[in-house]
There are 2 protein chains.
Amino acid sequence: MPLTKTNKEEIIQTALSVFRKNGYYNTSMSDLATACGLQKGSFYHYFASKEVLMGEVLKTVQSYLDYAVFSIAKQTDLAPRDRMEKMLLKLGKVLLSQEGGCIVGNTTLEVAAQNVIFKDTLKAIFDSWKNALKIIFMEKYPEGTSNRLAEQSVMEFEGAVMFSQLYQTDQYLKDAFVRTLSKMK
Amino acid sequence: MPLTKTNKEEIIQTALSVFRKNGYYNTSMSDLATACGLQKGSFYHYFASKEVLMGEVLKTVQSYLDYAVFSIAKQTDLAPRDRMEKMLLKLGKVLLSQEGGCIVGNTTLEVAAQNVIFKDTLKAIFDSWKNALKIIFMEKYPEGTSNRLAEQSVMEFEGAVMFSQLYQTDQYLKDAFVRTLSKMK
DNA sequence: GTCTATATCAAGATAGAC
DNA sequence: GTCTATCTTGATATAGAC
């Protein structure tokens with residue numbers, strides 16, 4: 001039996017998946033502790049509060065997306081269309097292969113509208129997302145057009161994730177990907 | 001001083017605006033009672049539980065949208081493009097002129113994904129929404145195309161509402177309306 | 001129909017033993 | 001680092017007086 005059951009990184013990953021599935025307010029510290037195989041009391045050894053934890057979860061999501069997804073937009077060794085496809089496929093894996101849809105969109109609608117705490121991180125994530133798409137679109141379109149196409153794509157994805165959740169099918173999101181990719185044809 | 005301070009309809013309207021702004025889980029019965037000018041105890045005279053109340057709120061939203069917005073799609077005295085414009089303007093008033101965005105989308109992401117209770121109503125609302133758009137698109141496009149355009153429009157609206165909320169500007173939603181309307185040009 | 005008072009429970013959070 | 005025990009608060013909900 002090890003002295004240490006878990007660590008911050010592991011907890012953040014577990015918390016991410018619980019928050020994504022159940023939402024912020026509908027997840028209790030007790031839920032999180034259980035999901036991590038800890039007692040509630042032990043949980044506070046790692047995070048001072050639910051708010052602090054969610055803040056770190058969102059920061060982790062931000063780092064991961066920047067590092068593993070949005071960075072693809074700058075891989076100029078790939079043709080623009082291939083870059084777009086690669087990035088969308090990666091994004092799809094992040095958004096599709098897990099229960100609960102998109103933590104960024106979920107949290108935006110649940111918390112950000114009335115609460116300032118997480119707003120900056122959420123905005124920054126969407127800004128990076130938009131910017132990554134814009135970079136690729138600019139290989140084919142002028143800046144203004146690229147910017148609008150990028151914004152449109154992100155909004156379409158979020159709408160599609162919502163529908164995919166509600167109707168329990170990936171089809172809406174897949175279609176949204178195809179539509180975005182077709183703009184690079 | 002009147003014996004009766006309020007009534008079910010009034011409470012539903014107030015609850016709608018509180019739920020839209022603060023979300024379902026983040027709204028307490030106490031919040032709702034206060035917003036209605038009632039004591040918590042009095043509130044239960046009208047609704048047995050928060051869940052029942054939210055159910056009725058969503059049903060009311062559904063009725064209102066059917067009656068006041070989606071019905072416009074069938075006003076064949078108007079030219080298709082004018083019908084579309086009229087419907088979108090009305091929808092814009094419903095979605096824009098109030099704090100908290102779209103209660104249908106908010107509730108879908110917050111509650112419907114993990115909870116079956118409100119899912120049927122939310123689905124029915126989105127189905128009617130999609131269908132209203134489809135009816136108008138079919139004046140110009142074949143059925144399959146109309147269906148896809150309608151789905152796309154709804155998803156785009158929801159994405160745009162999310163952005164409008166986060167960035168505190170109506171522009172995203174306005175742009176989405178323009179894009180949809182332009183498909184009827 | 002509205003009020004005050006209260007029961008019950010779960011949530012966030014802390015203290016201190018091991 | 002983890003546990004149990006506990007504090008405090010706020011939430012849902014009910015009872016009964018007016």
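Within every chain, numbering begins at 1; the chains are lettered A, B, ... in the order of the sequence lines, protein sequences first and strands thereafter.
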- Task: Check whether any side-chain nitrogen or oxygen of B:H45 sits under 4.0 Å from OP1 or OP2 of C:dT2, and answer yes or no.
- Result: no
- Determine which pairs satisfy ring pair (Phe, Tyr, Trp, His ring centres under 6.0 Å) with at least one residue from residues 78-118 of chain B, sequence neighbours left out, and list them in order.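 Listed by first then second residue: B:Y24-B:F118.
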- Message: Applying side-chain contact (heavy atoms from CB on, under 4.5 Å), can you list everything that pairs with A:Y64, at least two apart in sequence or on another chain?
- Response: A:A68, A:K90, A:V94
May I have the distance from [X] (atom [atom1]) to [N] (atom [atom2]), rounded to whole angstrom?
{"X": "A:N26", "N": "C:dG12", "atom1": "CG", "atom2": "C1'", "value": "15 Å"}
{"X": "A:L32", "N": "C:dA10", "atom1": "CG", "atom2": "P", "value": "17 Å"}
{"X": "A:Y46", "N": "C:dT14", "atom1": "OH", "atom2": "C1'", "value": "18 Å"}

- Item | Closest approach of B:Y46 to B:N7 (non-hydrogen atoms, all atoms of both residues) | CE2-CA, 3.9 Å
- With no hydrogens and no angle check, is any side-chain donor or acceptor of B:Q165 less than 3.5 Å from a backbone partner on B:G101? yes
- Item | Heavy-atom protein contacts under 4.0 Å, nucleotides 4-18 of chain D, coded B base, S sugar-phosphate only, - none | B------SBBB----
- Query: Just one of A:F126, A:F157, A:W129 clears the ring-ring contact (aromatic ring centres under 6.0 Å, His included) bar with B:F163, so which one?
  - Reply: A:F126
- Task: Taking atom types as modelled, find out whether B:Q98 and B:K21 have a side-chain donor-acceptor pair closer than 3.5 angstrom.
- Result: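 There is no such pair between these side chains.
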